[in-house]
Amino acid sequence: MAILNILRYPDARLHKVAEPVKVFDDSLKRLVADMAETMYAASGVGLAATQVDVHKQVIVVDVSDRRDSLVVLVNPEIVEASGVSDIEEGCLSVPGIYETLERAERVKVRAFDQHGKSFTLEAQGLLSVCIQHEMDHLQGKVFIERLSQLKQQRIRARIAKQLRKSA
Ligand code: GNR
Ligand code: NI
């Protein structure tokens, strides 16, 4: 297993659109294991393959306190969504920035696991919001890009300032 490098906003590679997985081979299983290790090492609740510069529809999520409930979603599709949630979101690709977005409170997701077995998952609360956040990454969208242009401008200024301080 290996800890992978997580791309940081603004990096153009975060805007690539991920391709569906066609073969469930050993390289997919290795990617999932490495993504899980990377997510746990970074104390994140989710990670999309896009964030580690692999442009395939692969997501790992674990919203449990004990960090023992890994969910792997390959080629995920939202088949039902309802309600409105406003959980504050953060992103490993945009460290230090937390914003609340409008998301569905409940989603029903159809996906495959890393072995190619199909399943459906009904999620609510943080799990639901996290899955929506990760599916945005697969479409090349970072969560702050759903905010108003004014808010995005302010966030870009904050990130530039953080970068200057750390330089
Ligand atoms: O660690 C993360 N926390 C989080 C909190 C609220 C909503 C979504 C997330 S996902 C984020 C990890 C990440 O960047 N995934 O892409
Ligand atoms: Ni993210």
Side-chain angles (χ1 to χ4, degrees), residues 1-21 28 31-78 81-109 111 113-114 121-148 151-152 154-156 158-159 162-163 166:
M1 298 220 295
I3 292 177
L4 307 171
N5 180 53
I6 298 175
L7 300 177
R8 293 284 188 93
Y9 178 90
D11 186 311
R13 292 170 289 180
L14 288 170
H15 295 138
K16 289 195 186 181
V17 177
E19 298 282 343
V21 168
L28 176 68
L31 172 66
V32 165
D34 289 347
M35 284 175 60
E37 190 180 11
T38 303
M39 172 183 73
Y40 289 125
S43 301
V45 297
L47 190 70
T50 306
Q51 292 175 280
V52 294
D53 201 22
V54 175
H55 303 283
K56 291 186 188 150
Q57 293 179 13
V58 179
I59 290 169
V60 294
V61 177
D62 189 342
V63 298
S64 71
D65 289 334
R66 292 173 53 177
R67 315 293 285 149
D68 61 359
S69 306
L70 182 69
V71 178
V72 176
L73 299 165
V74 177
N75 301 349
E77 267 182 275
I78 291 180
S82 63
V84 179
S85 168
D86 54 357
I87 288 178
E88 188 171 79
E89 300 186 28
C91 182
L92 295 170
S93 295
V94 198
I97 305 291
Y98 301 91
E99 294 286 343
T100 299
L101 302 184
E102 205 172 280
R103 299 283 197 185
E105 165 60 23
R106 290 165 180 273
V107 290
K108 185 168 167 184
V109 185
D113 68 13
Q114 66 269 48
L121 173 68
E122 296 196 32
Q124 56 179 310
L126 180 60
L127 180 59
S128 167
V129 170
C130 188
I131 289 170
Q132 294 170 71
H133 174 117
E134 304 313 338
M135 288 182 69
D136 274 356
H137 276 301
L138 298 183
Q139 292 303 314
K141 212 152 189 79
V142 178
F143 80 122
I144 55 172
E145 292 165 346
R146 285 182 170 273
L147 296 166
S148 70
K151 281 193 176 173
Q152 286 186 50
R154 287 180 180 151
I155 289 166
R156 281 197 291 268
R158 258 151 75 196
I159 291 168
Q162 284 172 5
L163 279 173
S166 66

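These numbers come from the heavy atoms of this one structure, side chains and all, not from hydrogens, waters or symmetry mates. As the structure lists them, so they are numbered: ligands from 1, and atoms in each ligand from 1. Sequence positions, counted from 1, serve as the residue numbers for this chain.
- Side-chain contact annotation: Gln162 with Ser166, donor-acceptor N/O pair under 3.5 Å absent.
- Ligand 1 lies less than 4.0 angstrom from a heavy atom belonging to Glu88.
- Salt bridge Arg146/Glu99: absent, no basic N to carboxylate O contact under 4.0 Å.
- Between the side chain of Arg106 and the backbone N or O of Glu122 there is no donor-acceptor pair closer than 3.5 Å.
- What sits closest to atom 14 (O) of ligand 1 on the protein, heavy atoms only, is Leu92 N, 2.8 Å.
- Counting atoms of ligand 1 from 1 in the listed order, those under 4.0 Å from a heavy atom of His137 are 16 (O).
- With ligand atoms numbered from 1 in the order given, ligand 1 contributes 6 (C) to contacts under 4.0 Å with heavy atoms of Leu126.
- Geometrically, ligand 1 and Gln51 share a nitrogen or oxygen pair separated by less than 3.5 Å.
- Within the 3.5 Å criterion, the main-chain N or O of Val84 finds no donor-acceptor partner in the side chain of Glu102.
- For the pair Asp62 (side chain) and Asp68 (backbone), a donor-acceptor distance under 3.5 Å is present.
- Of all protein heavy atoms, the one lying nearest to atom 8 (C) of ligand 1 is His133 ND1, 3.7 Å.
- With a 4.5 Å cut-off on side-chain heavy atoms, His137 and His133 count as touching.
- A heavy-atom distance below 4.5 Å is not found between the side chains of Val52 and Asn5.
- Taking a 4.0 Å cut-off on heavy atoms, Ile87 fails to register as neighbouring ligand 1.
- Side-chain contact between Val21 and Val58 is present, with at least one heavy-atom pair separated by less than 4.5 Å.
- Distance from atom 3 (N) of ligand 1 to its nearest protein heavy atom, with residue and atom name: Val45 CG2, 3.2 Å.
- Nearest protein heavy-atom neighbour of atom 7 (C) of ligand 1: Glu89 CG, 3.6 Å.
- Atoms of ligand 1 found under 4.0 Å from any heavy atom of Cys91 (numbered from 1 in listed order, with element): 14 (O).
- Atoms SG of Cys91 and NE2 of His137, as seen from the Ni ion (ligand 2), are separated by an angle of 100°, to the nearest 10°.
- Taking only nitrogen or oxygen atoms, main chain and side chain alike, Glu134 reaches within less than 3.5 Å of ligand 1.
- Within the 4.5 Å cutoff, no side-chain heavy atoms of Ile59 are placed close to those of Leu47.
- Counting heavy atoms from C-beta outward, Glu89 and Arg103 have side chains that approach closer than 4.5 Å.
- When Gly90, Ser128, Ala48, Gly46 are ranked by how near their heavy atoms come to atom 9 (C) of ligand 1, first place goes to Gly90.
- Residue contacts with ligand 1 do not include Val94, since none of its heavy atoms lies under 4.0 Å from the ligand.
- The shortest N or O to N or O distance between Ser93 and ligand 1 is not under 3.5 Å.
- Atoms of ligand 1 found under 4.0 Å from any heavy atom of Gly44, numbered from 1 in the order shown, are 1 (O).
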